[in-house]
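What you see is a predicted model; the values in this text were computed from it and never measured.
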Amino acid sequence: MDIDSPVTVLLVDDDPLIRAGLGTILGSDQRITIIGEAENGHRAIELSQRLEPHVILMDIRMPQLDGLSAMEAILEQNPEARVLILTTFGEEDYINRAMSGGAAGFLLKSSGPEELVGAVLAVAEGAAALSPRIAKRVIDKLRGIDTSAASRAQSRISSLSSREHDVMALVGAGMSNAEIAGRLFLTEATVKGHMTSIMHKVGARNRVEAALIAFQGGIVSPQSP
């Protein structure tokens, strides 16, 4: 993506008032341009193919075709698409499916304007946008089901080199490769190399899952709601 051009966004939600609110918040930032709106999954698939937005902001529960099914179809057609899932508390099962399906991040519908804008920009730059409140809720649930989840995550992380550990902590903090490179005084190519190794060592299928493992392993602390 050309960092000098606005981030283009496709809004997908069956509620026109929510779309209007999201559009108003995102459209007020000069770095973002809304290029389309869809009220269901079928329309989202159609517009994503035609408009090729940088980020697709996708609701989960919609008529005709839900957001997760639409996301899976979009990513099957274009694996490079970046889908940011809009969710609410109580939808952890949906989050697990979205994570497995390749979502670029998760955002609460109750998020403030600054968090919303930040998440869209982060996803556009290739970072994992994972709301700390969502991470905390998901991790708490996982720990309730499997008390060994944290120890498994810590075991995975222990296989990382010192530099890989630093990189993974910043992935958990939601940073893009460019931001990590700047923070650690590395080249982006070096960061990408570290990311390839990290994903293999910790068994993460995507950047969001790597961020969750970082939370579970205690190298990033989710903020309380």
Side-chain angles (χ1 to χ4, degrees), residues 1 3 5-92 94-135 137-138 174 176 206-208 211:
M1 191 192 83
I3 59 174
S5 63
V7 172
T8 57
V9 177
L10 171 63
L11 299 177
V12 186
D13 196 294
D14 62 316
D15 189 329
L17 290 179
I18 291 179
R19 293 200 307 273
L22 293 171
T24 297
I25 293 170
L26 294 174
S28 66
D29 192 298
Q30 62 182 1
R31 296 168 293 180
I32 298 172
T33 299
I34 307 300
I35 60 171
E37 297 185 12
E39 68 281 1
N40 59 61
H42 291 302
R43 182 66 169 158
I45 295 170
E46 175 193 341
L47 290 180
S48 68
Q49 289 179 308
R50 178 155 58 88
L51 301 177
E52 298 183 342
H54 294 133
V55 177
I56 302 166
L57 192 55
M58 181 84 75
D59 187 24
I60 292 179
R61 297 180 180 178
M62 294 183 292
Q64 298 185 33
L65 186 69
D66 66 87
L68 297 185
S69 297
M71 178 196 75
E72 290 164 354
I74 289 169
L75 291 175
E76 182 176 359
Q77 296 168 351
N78 177 17
E80 300 303 314
R82 293 164 182 168
V83 181
L84 178 57
I85 296 293
L86 279 170
T87 186
T88 62
F89 278 160
E91 294 184 336
E92 289 90 343
Y94 293 110
I95 293 173
N96 294 336
R97 177 182 165 192
M99 183 174 67
S100 299
F106 306 97
L107 189 69
L108 286 172
K109 284 189 175 181
S110 59
S111 298
E114 184 176 344
E115 187 176 358
L116 173 63
V117 169
V120 167
L121 294 175
V123 166
E125 289 296 323
L130 183 63
S131 167
R133 288 174 291 175
I134 294 177
R137 185 71 176 264
V138 173
S176 67
N206 53 57
R207 203 176 181 100
V208 171

>> As an exercise, state the distance from CD of Glu115 to OG of Ser110, rounded to the nearest 0.5 Å.
In response: 8.0 Å
> Between Thr8 and His54, is there a donor-acceptor pair closer than 3.5 Å when you use the side chain of the first and the backbone of the second?
Replying inline: yes
>> Working note: Arg50 + Glu46, criterion side chain to side chain contact (heavy atoms under 4.5 Å, CB included); need CA distance, chi angles, decisive distance, verdict.
In response: CA-CA 6 Å; Arg50 178 155 58 88; Glu46 175 193 341; 4.2 Å; yes
> For Met58, which of Ile60, Ile56, Val55 qualifies under side chain to side chain contact (heavy atoms under 4.5 Å, CB included)?
Replying inline: Ile56
> Which heavy atom in Leu75 sits nearest to a heavy atom in Gly101, and how many Å separate them?
Replying inline: CD1-O, 3.2 Å
>> Are there over 12 heavy-atom neighbours, none belonging to Glu52, within less than 6.0 Å of that residue's CD?
In response: no
>> So which atom in Ile45 and which in Ala73 form the shortest heavy-atom distance, rounded to 0.1 Å?
In response: CD1-CB, 3.6 Å
> With distance as the sole test, does Ser111 use its side chain to make a donor-acceptor pair with the main-chain N or O of Leu107 at under 3.5 Å?
Replying inline: no
> Is it true that a side-chain atom of Ser69 and a backbone atom of Leu65 form a donor plus acceptor pair closer than 3.5 Å?
Replying inline: no
> Going through the checks in order, is the side chain to side chain contact (heavy atoms under 4.5 Å, CB included) test met by Val12 and Leu57?
Replying inline: CA-CA 6 Å; Val12 186; Leu57 192 55; over 6 Å; no
>> Check this for me, if you would: do Lys109 and Asp59 make a salt bridge, where the nitrogen-to-carboxylate-oxygen distance has to be below 4.0 angstrom?
In response: yes
> Would Val9 and Ile35 count as a side chain to side chain contact (heavy atoms under 4.5 Å, CB included) if you check the C-alpha gap in whole Å, the side-chain angles of each, and the deciding distance to 0.1 Å?
Replying inline: CA-CA 6 Å; Val9 177; Ile35 60 171; over 6 Å; no
> Taking only residues at least two apart or on different chains, which pairs with a member in residues 71-81 satisfy side-chain hydrogen bond (donor to acceptor under 3.5 Å, both in side chains)?
Replying inline: Gln49-Gln77, Glu72-Arg97
>> Minimum heavy-atom separation for Pro53 and Ser48, please, with both atom names.
In response: CD-O, 3.7 Å
> Which atom pair, heavy atoms only, marks the closest approach of Gly102 to Met71?
Replying inline: N-CE, 4.4 Å
>> Evaluate Leu68 against Ile85 for side chain to side chain contact (heavy atoms under 4.5 Å, CB included), listing each step before the verdict.
In response: CA-CA 8 Å; Leu68 297 185; Ile85 296 293; 4.0 Å; yes
>> If you compare all heavy atoms of Leu10 against all heavy atoms of Ala44, which two are closest, and at what distance to 0.1 Å?
In response: CD2-O, 3.8 Å
> Pick one: which of Leu121, Leu26, Val7 meets side chain to side chain contact (heavy atoms under 4.5 Å, CB included) with Arg31?
Replying inline: Leu121
>> Under the side chain to side chain contact (heavy atoms under 4.5 Å, CB included) test against Asp13, which residue among Glu37, Arg19, Glu39 passes?
In response: Arg19
